[in-house]
Amino acid sequence: MRVLVTGGAGYLGTHTCVALMSAGHTVVAFDNLSNSSREGLRRASQLVGQHVPLIEGDLLDPAALEEAIHATQPDAVVHFAGLKAVGESSARPLRYFDTNVSGTLNLLGAMDALSVRRIIFSSSATVYGATEAVPAREDHALLATNPYGRTKIMVEEILQDLAAADRRWSIGILRYFNPVGAHPSGKVGEDPRGVPSNLVPFVGQVAVGRQKMVSVYGDDYPTIDGTGVRDYIHVMDLAEGHVAALARVAATSGVNVWNLGTGRGHSVLEVINTYADISRQPVPYRIVGRRPGDAAVSYADPSKAERELGWTASREIAEMIEDHWRWQSTNPDGYGD
Ligand code: WQD
């Protein structure tokens, strides 16, 4: 299939482009390069030996979206593009509602106008809120605890209403838990702008000497060692989950929701100690206060995706960290652009 990947030059986008091309699909990336790089796409193309055209454009430019869809004539769209920093969303809610909600409405309008009605939407486990209902199941109540999470719930509801109104649409909503790691080649990986807010990229920057120490946000949670527990999923498992979801979306109509997680949780200190062991680098840390809005424990019940997509996350935490360290240590300054 021909697939237009919005946000295709980003962390999840580049890895998913690699997985889609490896599965025989043709991909075109649409990206405004605000938090991504041409170099990431160039390397993804090199890895598979297939060129990934980049259409530079913005979700807030409906004409650019229509032009990209008209030029690409895609069979489906994988929609990653958007803003994703939880803390920033509380400081700049309008920017998040504009980009994530209005931007997605622009995309859906352009798709409908050109009769492209298959989409995979990048949602997030954050829609489950900081509840203690674990493992999280797709039929659990949704609870936004920040504007970022609210934008994800809003777009999920828009997609549900769209599918109910027009049976020509086929929609896959994927709720990601904590994507980490990098392609095993070490050629593509996560290259966050500025200081990383997520744990694993921050730990990697401490191990490679770009940051001094990790601040552990609380060790007084009711968990194995008092620190937060999350369902870390290898980015290549996540990418392969998109290939599986695309096949299902291409074969059906209506809307479906799937968790993309491993169903297993690891604590902050487990991640730090595993990273130090694998990288053989010191990873100093200090315990500080809890981060507002954090849940103690979050992990998926992945059985629906296993049952309906024939997909299971197969890579363990050690492999995630080995692959992340290979990327981080061979690209200490990311893509460098
Ligand atoms: C993981 C654990 C922190 C940083 C967020 C978004 C989610 C998705 C993934 C976009 C927690 C602790 C972290 C640090 C720490 N993003 N931590 N020190 O918050 O589970 O999920 O990113 O889709 O939507 O909510 O991920 O990596 O920020 O935190 O102690 O410097 O590490 O408290 O327990 P999170 P995270």
Side-chain angles (χ1 to χ4, degrees), residues 7 10-13 16 35 79-90 96 99-100 121-132 134 136 142-153 155-156 173-181 190 192 194-207 210-235 238 241 259-262 265-275 283-300 317 320-321 324:
Y11 172 41
L12 303 185
T16 301
N35 187 27
H79 180 34
F80 289 111
L83 301 174
K84 61 166 190 172
V86 169
E88 184 190 50
S89 75
S90 297
Y96 273 69
T99 301
N100 292 1
F121 173 60
S122 160
S123 190
S124 164
T126 204
V127 301
Y128 293 115
T131 61
E132 303 310 327
V134 285
L142 304 188
L143 177 69
T145 56
N146 55 70
Y148 164 72
R150 221 175 317 280
T151 67
K152 291 299 183 182
I153 291 178
V155 171
E156 287 202 19
I173 295 172
L174 301 181
R175 292 176 183 161
Y176 310 150
F177 280 73
N178 290 63
V180 297
E190 187 174 13
V195 177
S197 60
N198 293 139
L199 178 68
V200 170
F202 195 99
V203 170
Q205 289 193 9
V206 171
R210 278 179 65 180
Q211 304 291 342
K212 287 199 176 356
M213 72 164 62
V214 185
S215 297
V216 176
Y217 299 142
D219 67 346
D220 57 350
Y221 287 107
T223 63
I224 185 171
D225 57 22
T227 63
V229 169
R230 294 291 183 274
D231 185 335
Y232 298 98
I233 175 172
H234 197 294
V235 66
L238 192 98
N259 285 336
L260 292 191
T262 67
H266 294 280
S267 76
V268 175
L269 289 181
E270 279 179 88
V271 168
I272 291 173
N273 293 330
T274 304
Y275 211 110
V283 180
Y285 65 86
R286 60 183 176 162
I287 306 293
V288 298
R290 293 182 175 189
R291 181 171 63 177
D294 271 357
V297 180
S298 162
Y299 58 88
I317 189 75
M320 296 178 213
I321 292 174
H324 188 274

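Whatever order the structure lists them in is the order used to number ligands and atoms, beginning at 1. On a predicted model such as this, the values are computed, not experimentally measured, just so you know.
Each of the following atoms of ligand 1 lies closer than 4.0 Å to a heavy atom of V216: 30 (O). Taking a cut-off of under 4.0 Å to the non-hydrogen atoms of D294, the atoms of ligand 1 that pass are 3 (C), 33 (O). The V86 neighbourhood of ligand 1 comprises atoms 6 (C), 25 (O), with distances under 4.0 Å to a heavy atom of that residue. Listed by number with element, the atoms of ligand 1 under 4.0 angstrom from any heavy atom of G228 are 34 (O). Close approach to S197 involves these atoms of ligand 1, each under 4.0 Å from a residue heavy atom: 4 (C), 28 (O).
Contact annotation for Y148 and ligand 1: only side-chain heavy atoms (C-beta onward) come within less than 4.0 Å of the ligand. If you look at S215 next to ligand 1, the close heavy atoms, those under 4.0 Å, all belong to the backbone.
Of the protein's heavy atoms, V268 CG2, 3.7 Å lies nearest to atom 12 (C) of ligand 1. The protein atom (non-hydrogen) at minimum distance from atom 27 (O) of ligand 1 is L199 N, 2.8 Å. In this structure, atom 7 (C) of ligand 1 lies nearest to the protein heavy atom S124 OG, 3.8 Å. Considering only non-hydrogen protein atoms, atom 36 (P) of ligand 1 sits nearest to N198 ND2, 3.5 Å. Atom 20 (O) of ligand 1 has its closest protein heavy atom at R230 NE, 2.7 Å.
Of all heavy-atom pairs spanning N100 and L83, the tightest one is OD1-N, 2.8 Å. Taking every heavy atom of both residues into account, H266 and Y232 meet most closely at O-CE1, 3.6 Å. The heavy-atom pair separating G228 from Y221 by the smallest distance is N-CD1, 4.0 Å. The minimum heavy-atom distance linking T223 with G226 is given by the pair OG1-N, 2.9 Å.
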Full working for side chain to side chain contact (heavy atoms under 4.5 Å, CB included) between H324 and V180: CA-CA 7 Å; H324 188 274; V180 297; 5.8 Å; no

From CA spacing to verdict: side chain to side chain contact (heavy atoms under 4.5 Å, CB included), E156, L142: CA-CA 10 Å; E156 287 202 19; L142 304 188; 4.0 Å; yes

Stepwise, does the side chain to side chain contact (heavy atoms under 4.5 Å, CB included) test hold for Y285 with L269? CA-CA 9 Å; Y285 65 86; L269 289 181; 3.7 Å; yes

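With R290 contributing its side chain and D220 its backbone, the two residues share a donor-acceptor pair below 3.5 Å. At distances below 3.5 Å, at least one donor-acceptor pair connects side-chain atoms of N259 with backbone N or O atoms of A136. Although no hydrogens or angles enter the test, the distance criterion places no donor-acceptor pair under 3.5 Å between the side chain of T16 and the main chain of G13.
Taking all heavy atoms of N178, V214, V195 into account, the minimum distance to atom 21 (O) of ligand 1 is reached by N178. Remark: among candidates R175, R291, Q211, the nearest residue to atom 29 (O) of ligand 1 is R291, based on non-hydrogen atoms. Considering only non-hydrogen atoms, atom 1 (C) of ligand 1 lies nearest to Y232 out of Y217, F177, Y232.
Among the atoms of K84, none of the N or O lies under 3.5 angstrom from an N or O of ligand 1.
In this structure, Y285 has no heavy atom closer than 4.0 Å to ligand 1.
Counting only N and O atoms by type, the side chains of N146 and Y96 include no donor and acceptor under 3.5 Å apart.
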